[in-house]
Amino acid sequence: NLAHLQQIDLSVNQLSGPIPDSIGNLDQLSSLFLGNNQFSGPIPDSIGNLAHLQQIDLSVNQLSGPIPDSIGNLDQLSSLFLGNNQFSGPIPDSIGNLAHLQQ
């Protein structure tokens, strides 16, 4: 049972495949570090369920598709790293909701 999990750091590995939609069930998560892997596919919309998330690093993967509008739900987010992926489409307007964003 991971109901109280607050931090995940799986960065700098060779993890691959999609980020599971079930990541959105970890609603106590404050830090999610998955950078420098080989994750592919879109960021799941369920990422917007992580209301306590303060830091997210998904950089240096093979993520693609649009950045989901639900990312604007992360109103506690102070750090957002999405660089070095293959995203397409516009940056969602909802990113303007991230009032605490510093990086």
Side-chain angles (χ1 to χ4, degrees):
N1 188 344
L2 302 176
H4 301 290
L5 189 65
Q6 294 182 347
Q7 297 182 336
I8 294 178
D9 185 352
L10 295 172
S11 55
V12 193
N13 283 287
Q14 295 178 359
L15 301 172
S16 61
I19 297 172
D21 199 46
S22 59
I23 196 89
N25 297 337
L26 302 175
D27 60 1
Q28 297 300 307
L29 209 59
S30 63
S31 299
L32 178 62
F33 300 113
L34 300 179
N36 285 276
N37 279 289
Q38 297 170 9
F39 287 111
S40 59
I43 297 173
D45 285 333
S46 66
I47 203 94
N49 298 343
L50 303 178
H52 298 285
L53 202 62
Q54 297 174 2
Q55 299 175 304
I56 186 169
D57 184 355
L58 302 177
S59 63
V60 193
N61 278 289
Q62 297 169 7
L63 298 170
S64 60
I67 298 169
D69 280 335
S70 64
I71 209 154
N73 297 344
L74 305 177
D75 60 3
Q76 299 299 308
L77 203 63
S78 61
S79 299
L80 173 65
F81 299 101
L82 299 177
N84 289 300
N85 280 289
Q86 299 169 8
F87 296 118
S88 59
I91 296 172
D93 289 337
S94 65
I95 212 158
N97 299 341
L98 305 179
H100 297 287
L101 200 61
Q102 297 175 1
Q103 308 185 58

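Predicted model only: the values in this text are computed from it and were never measured.
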- What pair of heavy atoms forms the shortest contact from Pro68 to Pro44, and how long is it?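 Shortest heavy-atom separation between Pro68 and Pro44 comes out as CG-O, 4.2 Å.
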Given the rule in the side-chain contact (heavy atoms from CB on, under 4.5 Å) test, do Leu15 and Phe39 qualify, once you have shown the distances and angles that lead to the verdict?
CA-CA 6 Å; Leu15 301 172; Phe39 287 111; 3.6 Å; yes
Practice task
Decide whether Leu53 and Ile19 are clustered together by the hydrophobic rule: side chain heavy atoms of Ile, Leu, Val, Met, Phe, Trp, Tyr closer than 4.5 Å, transitively.
Solution key: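 Yes: a chain of side-chain contacts under 4.5 Å links Leu53 to Ile19.
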Checking Asn49 side chain against Ile47 main chain: does a donor-acceptor pair fall under 3.5 Å?
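Between the backbone of Ile47 and the side chain of Asn49 there is no qualifying donor-acceptor contact (under 3.5 Å).
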Ignoring hydrogens and angles, write down the donor-acceptor pairs under 3.5 Å from the side chains of residues 26-34, residues two or more places apart or on other chains.
residue : atom : partner : partner atom : Å
Ser30   : OG   : Gln6    : O            : 3.1
Ser31   : OG   : Gln55   : OE1          : 3.0

**Request:** Quick one: which residue pairs count as a side chain to side chain donor-acceptor pair (under 3.5 Å) with a foot in residues 61-73, not counting sequence neighbours?
**Result:**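 Qualifying pairs: none.
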**OP:** Supply the atom-to-atom distance Ser11 OG to Leu58 CG, rounded to the nearest 0.5 angstrom.
**Re:**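 These two atoms lie 11.0 Å from each other.
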